[in-house]
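Single-structure report; data block below.
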Amino acid sequence: PHRKEGVVSLNSLIRVYDQIVGLVTKIAGVIAGALILATGFMIVYEIIVRGVFNAPTEWVTEVSTYCIIIAGFLGMGVAYAGNKHIKVDLFIQHLSPKVRCWIELVTCVLAVYYSYVFVTEGWAMTMLSLEFDNRAPTTLSTPLWIPQISMPAGLLILCLQLIGTVLHDIRKIVSGQYEEKEEP
């Protein structure tokens, strides 16, 4: 009886966690997509003003680079959530669902640790740049904390997604049901 209650409360916890992290991930995805779109417009603008008016800009390369970097970091959790990340499953696909679950649990716990290290170190780097007012040595003199903050933010979202996978794997282990049921 107690085990059943624990599984039910774990399911409720996972459902709420998935909803909150899912919303944060969707917001990050929208921002990343908007930045990619903006980069496209900036590059088209640069091509037009350079080719037609012979008046190249000084800002497009810098701003579009920052947009791509920020979109890349924010997109990491989105890619993981959509199962679009790179994974090598040549050997693991031949293992039983139980063994695959345990391997995924261990690798996700390790990934959470490494993501956490990147989040904390990225945050420290960003705060140092903010404290010392580090700026890009360019015409725009962009404060470097602006593109740098995307590293801890994006990796935090990835870390939250990985924690979600850990919770799902723990639920599978506790319930003994290793096959995922497709939700409608």
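Only heavy atoms go into these numbers, but all of them, side chains included; no hydrogens, no water, no symmetry mates.
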- When rounded to the nearest 0.5 Å, the distance separating OH of Y17 from CD1 of I163 is 4.0 Å
- Query: Could you walk me through whether Y66 and I146 pass the side-chain contact (heavy atoms from CB on, under 4.5 Å) check?
  - Reply: CA-CA 9 Å; Y66 292 145; I146 295 171; over 6 Å; no
- Using a 4.5 Å cut-off on heavy atoms from C-beta on, say whether the side chain of L144 contacts that of R135. no
- Task: Determine, step by step, whether M42 and W59 satisfy the side-chain contact (heavy atoms from CB on, under 4.5 Å) criterion, reporting the C-alpha distance in whole Å, the side-chain angles of both residues, the deciding distance to 0.1 Å, and the verdict.
- Result: CA-CA 9 Å; M42 284 185 271; W59 59 271; 3.6 Å; yes
- Query: Crowded around D133 CG? As in, over 12 foreign heavy atoms under 6.0 Å?
  - Reply: yes
- Item | Test item: V166 and H168 side chains (from C-beta on) under 4.5 Å apart, heavy atoms | no
- Note on the structure: Nearest heavy-atom contact between P147 and P143 is CD-O, 3.5 Å
- Query: Distance from T142 atom OG1 to Q148 atom CD, nearest 0.5 Å?
  - Reply: 11.5 Å
- Item | hydrophobic_cluster_shared for I31 and I149, side chain cutoff 4.5 Å | no
- So which heavy atom on T25 is nearest to which on Q161, and how close? OG1-NE2, 2.7 Å
- Side chains of L156 and W123 in contact at under 4.5 Å (non-hydrogen atoms): no
- Query: With sequence neighbours excluded, what pairs up with F73 under the ring pair (Phe, Tyr, Trp, His ring centres under 6.0 Å) test?
  - Reply: none
- Task: Show the numbers, then the answer: is there a side-chain contact (heavy atoms from CB on, under 4.5 Å) between T120 and Y116?
- Result: CA-CA 6 Å; T120 57; Y116 172 77; 3.5 Å; yes
- Compare all side-chain heavy atoms of S115 with those of L162 and state whether any distance is below 4.5 angstrom. yes
- Task: Start with the C-alpha distance between Y80 and C108, add both sets of side-chain angles, then the distance that settles side-chain contact (heavy atoms from CB on, under 4.5 Å), and finish with yes or no.
- Result: CA-CA 11 Å; Y80 184 81; C108 281; 3.5 Å; yes
- Query: What distance separates S129 OG from N134 CG, expressed to the nearest 0.5 Å?
  - Reply: 4.5 Å
- Message: Treating E46 as the side-chain partner and T57 as the backbone partner, does any N or O pair qualify as donor plus acceptor under 3.5 Å?
- Response: yes
- Item | Min side-chain heavy-atom separation S150-I69 under 4.5 Å | yes
- Item | W102 and T107, any side-chain heavy atoms less than 4.5 Å apart | no
- So, the side chain of R50 versus the backbone of P56: is there a donor-acceptor pair under 3.5 Å, distance only? no
- Could you tell me whether D18 and R15 have a side-chain N and a carboxylate O separated by less than 4.0 Å? no
- Query: Does S175 use its side chain to pair, donor to acceptor, with the backbone of Q177 at less than 3.5 Å?
  - Reply: yes
- Message: Between V30 and I27, is there a side-chain heavy-atom distance shorter than 4.5 Å?
- Response: no
- Any chain of hydrophobic side-chain contacts (each under 4.5 Å) joining L155 to I20? no
- Supply the atom-to-atom distance L74 CG to I157 CD1, rounded to the nearest 0.5 angstrom. 5.5 Å
- Query: If you round to the nearest 0.5 Å, how far is CG of L167 from NZ of K172?
  - Reply: 12.0 Å
- Item | Joint cluster assignment, M151 & V24, ILVMFWY side-chain distance < 4.5 Å | no
- Query: If you round to the nearest 0.5 Å, how far is CD1 of I103 from CD1 of I92?
  - Reply: 4.5 Å
- Item | Same apolar cluster (I L V M F W Y, side chains within < 4.5 Å links), V63/V60 | yes
- Query: Is it true that atom CD of Q93 has more than 12 heavy atoms of other residues, nucleotides or ligands lying nearer than 6.0 Å?
  - Reply: yes
- Message: Less than 3.5 Å apart, any donor N or O on the side chain of E104 or T165 sitting next to an acceptor on the other?
- Response: no
- Task: Please report the closest heavy-atom contact between A32 and G75, naming both atoms and the distance.
- Result: CB-N, 4.4 Å
- Message: In this structure, would I173 and L110 fall into the same cluster of hydrophobic residues linked by side-chain contacts under 4.5 Å?
- Response: no
